[in-house]
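Heavy-atom basis, side chains included; hydrogens, waters and symmetry copies ignored. Predicted model, so just to flag it, every value in this text is computed and none were measured.
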Amino acid sequence: MKLQEAYDILSKNSNRELKAEEVSYIKQKRGQKNKGSTGLYVEHICGIPPGPQTLDCDDGEIKSFKVEYKSQQGCVAPGELLRVTTISTKATATFVEGQPFLESRFFKKLENVLLEPVYRPAGVDVSKWMLHEPILLRYSNPEDRWFYDLIERDYNIVQKRINEAIREYKSGQRIERDMAQSKRGTRYLLKREDRYTDSFVLKKHGGAADKPICYDGITLIHGSMAFMLTTSLVKKVMEKKGFYSSRGVQ
């Protein structure tokens with residue numbers, strides 16, 4: 001399936017109530033404690049069989065994300081970080097060692113991507129979930145280049161930050177007591193002087209309670225991690241695509 005085909009299917013199925021069989025499908029996946037039940041539902045709508053394929057479509061990826069209604073702003077907005085990809089310890093080392101953005105798995109997942117907002121606020125029954133209009137981003141589209149330029153900028157900042165911290169640790173400028181340590185034993189380094197990157201964060205692969213690996217200067221030392229788009233970046237995408245505004249959903 002091509003990404004445009006998936007876009008057309010999701011557009012036709014947006015802003016409607018879920019069918020009974022769709023509700024049953026989602027509840028079944030959630031009952032199996034599958035954390036990707038929303039993404040599996042979106043693939044199910046498109047007719048994409050679940051599997052280990054690198055990309056959901058022949059020419060790109062589909063990424064669903066949670067949106068909620070913000071009563072104060074009177075609009076729908078992102079409600080969580082959007083996970084792009086998880087990379088292994090070996091791939092993490094490649095990233096730390098200077099892998100260019102355009103060669104990264106992170107970029108490959110976003111080069112041609114369909115973002116699907118799913119209304120599913122906390123405490124609301126699955127039957128009340130709803131798909132909103134999908135958003136298509138392509139690296140080849142000049143109008144979308146701001147998105148990739150922003151991510152590449154922060155990718156390079158984070159990569160540089162990690163290497164600076166590692167060099168300082170190895171040279172003795174930092175000692176173990178300077179490092180916070182999570183319950184899982186993953187070590188972090190804090191560089192307070194660095195600016196906050198506003199497009200993505202790195203988090204240890206695992207549950208929602210995990211602390212960010214590289215967030216506001218907290219730096220990964222070892223272990224696998226996941227690239228996550230921030231809600232502020234996804235909100236900006238929605239604004240530019242005419243979805244999010246102070247006047248409500250477009």
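- Contacts classified as salt bridge (charged side-chain N to carboxylate O under 4.0 Å, His left out) and involving residues 111-120 (residues at least two apart or in different chains) are given here: Glu80-Arg120.
- A heavy-atom distance below 4.5 Å is found between the side chains of Thr38 and Trp129.
- Counting all heavy atoms, side chain and backbone alike, Ile135 lies closest to Tyr7 at N-CE1, 4.5 Å.
- Take Phe106 and apply the ring pair (Phe, Tyr, Trp, His ring centres under 6.0 Å) test, not counting sequence neighbours, and it matches Phe200, Phe227.
- Just one of Val113, Asn112, Leu114 meets the side chain to side chain contact (heavy atoms under 4.5 Å, CB included) condition when paired with Leu137; it is Val113.
- Screening Thr230, Val234, Leu233 against Leu82 for a side chain to side chain contact (heavy atoms under 4.5 Å, CB included) leaves a single residue, Val234.
- Judged by distance alone, the side chain of Glu22 and the main-chain N or O of Lys19 form a donor-acceptor pair under 3.5 Å.
- Within the 6.0 Å centre-distance limit, the rings of Tyr155 and Phe95 are counted as a close aromatic pair.
- To the nearest 0.5 Å, the span separating NZ on Lys108 from CZ on Phe101 amounts to 10.0 Å.
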### Query
Hey, mind stepping through Val67 and Val118 against side chain to side chain contact (heavy atoms under 4.5 Å, CB included) and telling me if it holds?
CA-CA 6 Å; Val67 293; Val118 181; 5.7 Å; no
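- Among residues two or more places apart in sequence or in another chain, the side chain to side chain contact (heavy atoms under 4.5 Å, CB included) test is passed with Lys128 by Val124.
- The side-chain hydrogen bond (donor to acceptor under 3.5 Å, both in side chains) check on Glu17 picks up nothing, with sequence neighbours excluded.
- In this structure Glu61 satisfies the salt bridge (charged side-chain N to carboxylate O under 4.0 Å, His left out) test together with Lys63, Lys109, sequence neighbours excluded.
- Checking side-chain atoms of Asp154 against main-chain N and O of Ser199 turns up a donor-acceptor pair under 3.5 Å.
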### Task
Could you check Leu3 against Ile62 for side chain to side chain contact (heavy atoms under 4.5 Å, CB included), going step by step and ending with a plain yes or no?
CA-CA 8 Å; Leu3 208 59; Ile62 300 174; 4.2 Å; yes
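- If you check the side chains of Glu133 and Ser14, you find a donor sitting under 3.5 Å from an acceptor.
- By the side-chain hydrogen bond (donor to acceptor under 3.5 Å, both in side chains) test, Lys236 is found to be paired with no residue, residues two or more places apart in sequence or in another chain being considered.
- Listed by chain and number, the residues in a salt bridge (charged side-chain N to carboxylate O under 4.0 Å, His left out) with Asp56 amount to none (sequence neighbours excluded).
- For Asn156, the side-chain hydrogen bond (donor to acceptor under 3.5 Å, both in side chains) criterion is met by no residue, not counting sequence neighbours.
- For Asn141, the side chain to side chain contact (heavy atoms under 4.5 Å, CB included) criterion is met by Arg138, Glu143, Asp144, not counting sequence neighbours.
- You'll find the side chain of Tyr41 stays beyond 4.5 Å of the side chain of Val126, heavy atoms only.
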### Message
Quick one, Ser104 with Gln99, criterion side chain to side chain contact (heavy atoms under 4.5 Å, CB included). Give me CA distance, side-chain angles, the key distance, then yes/no.
### Response
CA-CA 7 Å; Ser104 68; Gln99 184 179 50; 3.7 Å; yes
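- To the nearest 0.5 angstrom, His132 atom NE2 is 13.0 Å from Ser64 atom OG.
- Listed by chain and number, the residues in a ring pair (Phe, Tyr, Trp, His ring centres under 6.0 Å) with Tyr25 are His44 (sequence neighbours excluded).
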### Task
Using the ring-ring contact (aromatic ring centres under 6.0 Å, His included) rule, take Tyr139 and Phe107 through it: C-alpha gap first, then chi angles, then the decisive distance, then the call.
CA-CA 9 Å; Tyr139 181 72; Phe107 170 72; 5.0 Å; yes
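- The heavy-atom pair separating Ala226 from Thr86 by the smallest distance is CB-OG1, 3.6 Å.
- The same ILVMFWY cluster, assembled from side-chain heavy atoms under 4.5 Å apart, contains both Val23 and Leu10.
- The same ILVMFWY cluster, assembled from side-chain heavy atoms under 4.5 Å apart, contains both Leu102 and Leu229.
- Glu68 is linked by a salt bridge (charged side-chain N to carboxylate O under 4.0 Å, His left out) to Lys66, Lys70, counting only residues two or more places apart in sequence or in another chain.
- Interatomic distance, Leu131 CG to Tyr119 OH, rounded to the nearest 0.5 Å: 13.5 Å.
- For the side-chain hydrogen bond (donor to acceptor under 3.5 Å, both in side chains) test, residues two or more places apart in sequence or in another chain that qualify with Thr85 are Arg105.
- With a 4.5 Å cut-off on side-chain heavy atoms, Cys46 and Glu43 do not count as touching.
- When hydrophobic clusters are built by joining Ile, Leu, Val, Met, Phe, Trp and Tyr residues whose side-chain heavy atoms come closer than 4.5 Å, directly or via intermediates, Leu136 is grouped together with Val42.
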